[in-house]
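Everything below concerns the one structure shown next.
Because only heavy atoms are used, hydrogens play no part in the values below, and waters and symmetry mates are left out as well, while side chains stay in. Chain letters run A, B, ... following the sequence lines, proteins first, then strands; residues in each count from 1.
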Amino acid sequence: DGGITQSPKYLFRKEGQNVTLSCEQNLNHDAMYWYRQDPGQGLRLIYYSQIVNDFQKGDIAEGYSVSREKKESFPLTVTSAQKNPTAFYLCASSILTGSSYNEQFFGPGTRLTVL
Amino acid sequence: GEDVEQSLFLSVREGDSSVINCTYTDSSSTYLYWYKQEPGAGLQLLTYIFSNMDMKQDQRLTVLLNKKDKHLSLRIADTQTGDSAIYFCAPADRGSTLGRLYFGRGTQLTVWP
């Protein structure tokens with residue numbers, strides 16, 4: 001079955017620690033995205049990548065870092081510089097069609113709680 | 001960026017129709033999407049409409065687009081308890097080949113039996 005996997009589903013960390021969230025897709029999609037979701041808020045874009053070894057900041061990149069060493073993988077690191085890291089993190093991917101059509105497929109999400 | 005506004009809550013009785021509304025600011029958006037999120041899960045695409053259309057019907061779902069007023073709506077006919085979820089409106093940014101999406105805050109639909 002093709003899809004996007006995120007692990008773990010729940011993650012707990014102490015304040016001041018860096019933590020890496022995993023995102024893997026086997027859909028052969030070009031683009032991958034990371035979003036943050038807070039209660040009552042929409043999805044806010046953290047980082048996105050259109051191609052291996054290249055990525056761009058979204059609207060709320062401060063305190064986060066990413067890498068794209070393989071087409072199928074786009075891990076997100078939440079650093080200690082992120083002031084309010086507790087949130088639900090969603091990874092998505094899409095095919096680049098050359099038009100603005102952009103159906104994004106989402107993973108199940110990781111809920112990060114910083115204690 | 002684009003601002004997308006949705007009402008936060010909607011409650012309906014099972015069997016009734018639900019209408020979820022969305023307004024957006026970028027009139028050049030070419031594709032406008034509706035996503036559904038069940039509790040604790042990721043988002044799944046429900047439907048979308050291209051900007052040269054006024055209406056799109058897909059089984060129980062009807063999408064209406066008023067480009068002049070920058071207003072999008074999603075109507076769910078014969079709403080079922082399984083439709084209870086958060087619904088997100090997401091216009092695409094025409095300005096890039098990435099077609100970046102901008103999400104509203106989502107409308108929590110509660111269906112009462």
Is A:V19 close to A:Q17 at the side-chain level, that is, under 4.5 Å between some pair of heavy atoms?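 The answer is no, as the side chains (C-beta and beyond) never meet within the 4.5 Å cut-off.
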If we only count heavy atoms from C-beta on, is the A:R44 to A:D38 side-chain gap below 4.5 Å?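 Of all side-chain heavy-atom pairs linking A:D38 with A:R44, at least one is under 4.5 Å.
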Do other residues, nucleotides or ligands put more than 12 heavy atoms under 6.0 Å from the NZ atom of A:K83?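 For A:K83, atom NZ is not crowded (no more than 12 foreign heavy atoms under 6.0 Å).
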So for A:L43, is it side chain, backbone, both, or neither that comes closer than 4.5 Å to the heavy atoms of chain B?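 Contact with chain B involves both backbone and side-chain atoms of A:L43.
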Per-residue contact mode, A:Q37 against chain B (heavy atom under 4.5 angstrom):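 Looking at A:Q37, just its side chain touches chain B.
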How many angstroms lie between atom CD of A:E72 and atom SG of A:C23, to the nearest 0.5 angstrom?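 Atom-to-atom, A:E72:CD and A:C23:SG are 11.0 Å apart.
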Between OH on residue B:Y33 and OH on residue B:Y48, distance to nearest 0.5 Å: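 Nearest 0.5 Å value for the OH-OH distance: 7.5 Å.
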Could you tell me which residues in residues 37-47 of chain B have at least one non-hydrogen atom under 4.5 Å from a non-hydrogen atom of chain A, sorted by residue number?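 Counting heavy atoms that sit under 4.5 Å from chain A, the residues of residues 37-47 of chain B involved are B:Q37, B:G40, B:A41, B:G42, B:L43, B:L45.
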Hey, are B:R100 and A:D59 close enough for a salt bridge, meaning a charged N less than 4.0 Å from a carboxylate O?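 Judged by the 4.0 Å cut-off on N to carboxylate O distance, B:R100 and A:D59 do form a salt bridge.
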As an exercise: rank A:G109, A:G107, A:P108 by heavy-atom pairs under 4.5 Å with chain B and give me the winner.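 If we count pairs closer than 4.5 Å to chain B, A:P108 comes out on top.
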For a quick check under 3.5 Å, do A:E24 and A:N26 share a side-chain donor-acceptor pair by atom type?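 Absent: no donor and acceptor within the cut-off.
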